[in-house]
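Everything quoted here is computed from the prediction, not taken from an experiment.
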Amino acid sequence: MKKTILILVTGLLLANASMCQVDLAEEKIAAEATINLYFDGWATGDTAKVGKAMHTTCHLKFYRDGQFTDMNRNTYLSRFKPRERDADLITRIAMLDITGNIASAKTEIITAKDIFTDYFNLIKTDAGWFIVDKVSVKTAR
């Protein structure tokens, strides 16, 4: 009897762990899709795509030339101009960590001149994943 209960409990635990892995894999795909939408918009200056990836409360923060900048989403979006995607542009998600409905990602946008390293904080709402905060650094290649 004890053996049967142990087998049942072990089976339930393994099934639950398996389901959690599937859920996490699905959430990773969904969060990555939000980041890739941001990349696509950034690459072409498409503010609709960038704006859809970023929550309305999102802020961009960086420190450059001795000055700290905290920019709201609307100001950030106003800096984009439509353009052709650079054939040499590389975008990548270097790291993505998800816990429940929050995530943190390290990303890179590599251009001919610069590497932009961004750290995104994301939150999943009923409407999906959104970038809610971004810190960024630009380094010369």
Locate the shortest heavy-atom distance separating Thr34 from Phe130; write the atom from each residue and the value.
CG2-CA, 4.3 Å

Which heavy atom of Ile98 sits nearest to which heavy atom of Gly100, and what is that distance?
CG2-O, 3.7 Å

Output, in order, the C-alpha distance, side-chain angles, deciding distance and verdict of side-chain contact (heavy atoms from CB on, under 4.5 Å) for Phe116 and Thr107.
CA-CA 8 Å; Phe116 296 90; Thr107 68; over 6 Å; no

Note, Ile115 side chain near Thr117 side chain (heavy atom, < 4.5 Å):
yes

Counting C-beta onward and ignoring hydrogens, is there a side-chain heavy-atom pair between Asn101 and Ile123 closer than 4.5 Å?
yes

Could you tell me which residues satisfy side chain to side chain donor-acceptor pair (under 3.5 Å) with Glu32, sequence neighbours excluded, listed by chain and number?
none

Closest heavy-atom pair, Asn72 versus Asn74, reported as atoms and distance to 0.1 Å, is OD1-N, 3.1 Å

If you link I, L, V, M, F, W and Y whenever their side-chain heavy atoms are under 4.5 Å apart, who else ends up in the same group as Ile29?
none

Sub-3.5 Å donor-acceptor pair from the side chain of Thr99 to the main-chain atoms of Ile102, do we have one?
no

If you group Ile, Leu, Val, Met, Phe, Trp and Tyr by side-chain heavy-atom gaps below 4.5 Å, do Leu77 and Ile131 land in one group?
yes

Any side-chain heavy atom of Arg85 within less than 4.5 Å of one from Asp40?
yes

Within 45 degrees of the axis of the six-membered ring of Trp42 and under 6.0 Å from its centre: does Arg79 put its NZ or CZ there?
no

Atom CG in Leu37, atom NZ in Lys49: separation rounded to 0.5 Å?
7.0 Å

We want to know whether Asp118 and Ser136 form a side-chain donor-acceptor pair, criterion being a heavy-atom distance below 3.5 angstrom.
yes

With a 4.5 Å heavy-atom cut-off, do Lys28 and Leu96 have their side chains touching?
yes

Hphob cluster co-occupancy, Phe120 + Leu24, side-chain heavy atoms under 4.5 angstrom:
yes

Just so I know, are the side chains of Thr44 and Glu84 near enough to count as touching, which here means a heavy-atom distance under 4.5 Å?
no

Arg73 side chain to Met54 main-chain N or O, any donor-acceptor pair under 3.5 Å?
yes

Is it true that Lys61 and Asp133 have a side-chain N and a carboxylate O under 4.0 angstrom from each other?
yes

Can you confirm whether Ile109 sits close enough to Leu89 that some side-chain heavy atom of one is under 4.5 Å from a side-chain heavy atom of the other?
yes

Any side-chain heavy-atom pair of Phe62 and Met71 under 4.5 Å:
yes

Would you check if there is a donor-acceptor pair between the side chains of His59 and Asp70 at a distance under 3.5 Å?
yes

If I compare all heavy atoms of Trp129 with all of Ala103, which pair ends up nearest, and what's the gap?
CZ3-CB, 3.7 Å

Work out which heavy atom in Val132 is nearest to a heavy atom in His55; give both atom names and the distance.
CG1-CB, 3.9 Å

Taking the side chain as every heavy atom from C-beta outward, state whether Glu108 and Thr91 have any atom pair closer than 4.5 Å.
no

Any chance you could pull the hydrophobic cluster mates of Val135, using side-chain heavy atoms under 4.5 angstrom and chaining through other members?
Tyr119

Gap separating the CD1 atom of Ile110 from the CZ atom of Arg141, nearest 0.5 angstrom
6.0 Å

Pairwise distance NZ(Lys134) to CG(Leu122) - rounded to 0.5 angstrom
12.0 Å

Are side-chain N/O atoms of Lys52 and Tyr38 paired as donor and acceptor at under 3.5 Å?
no

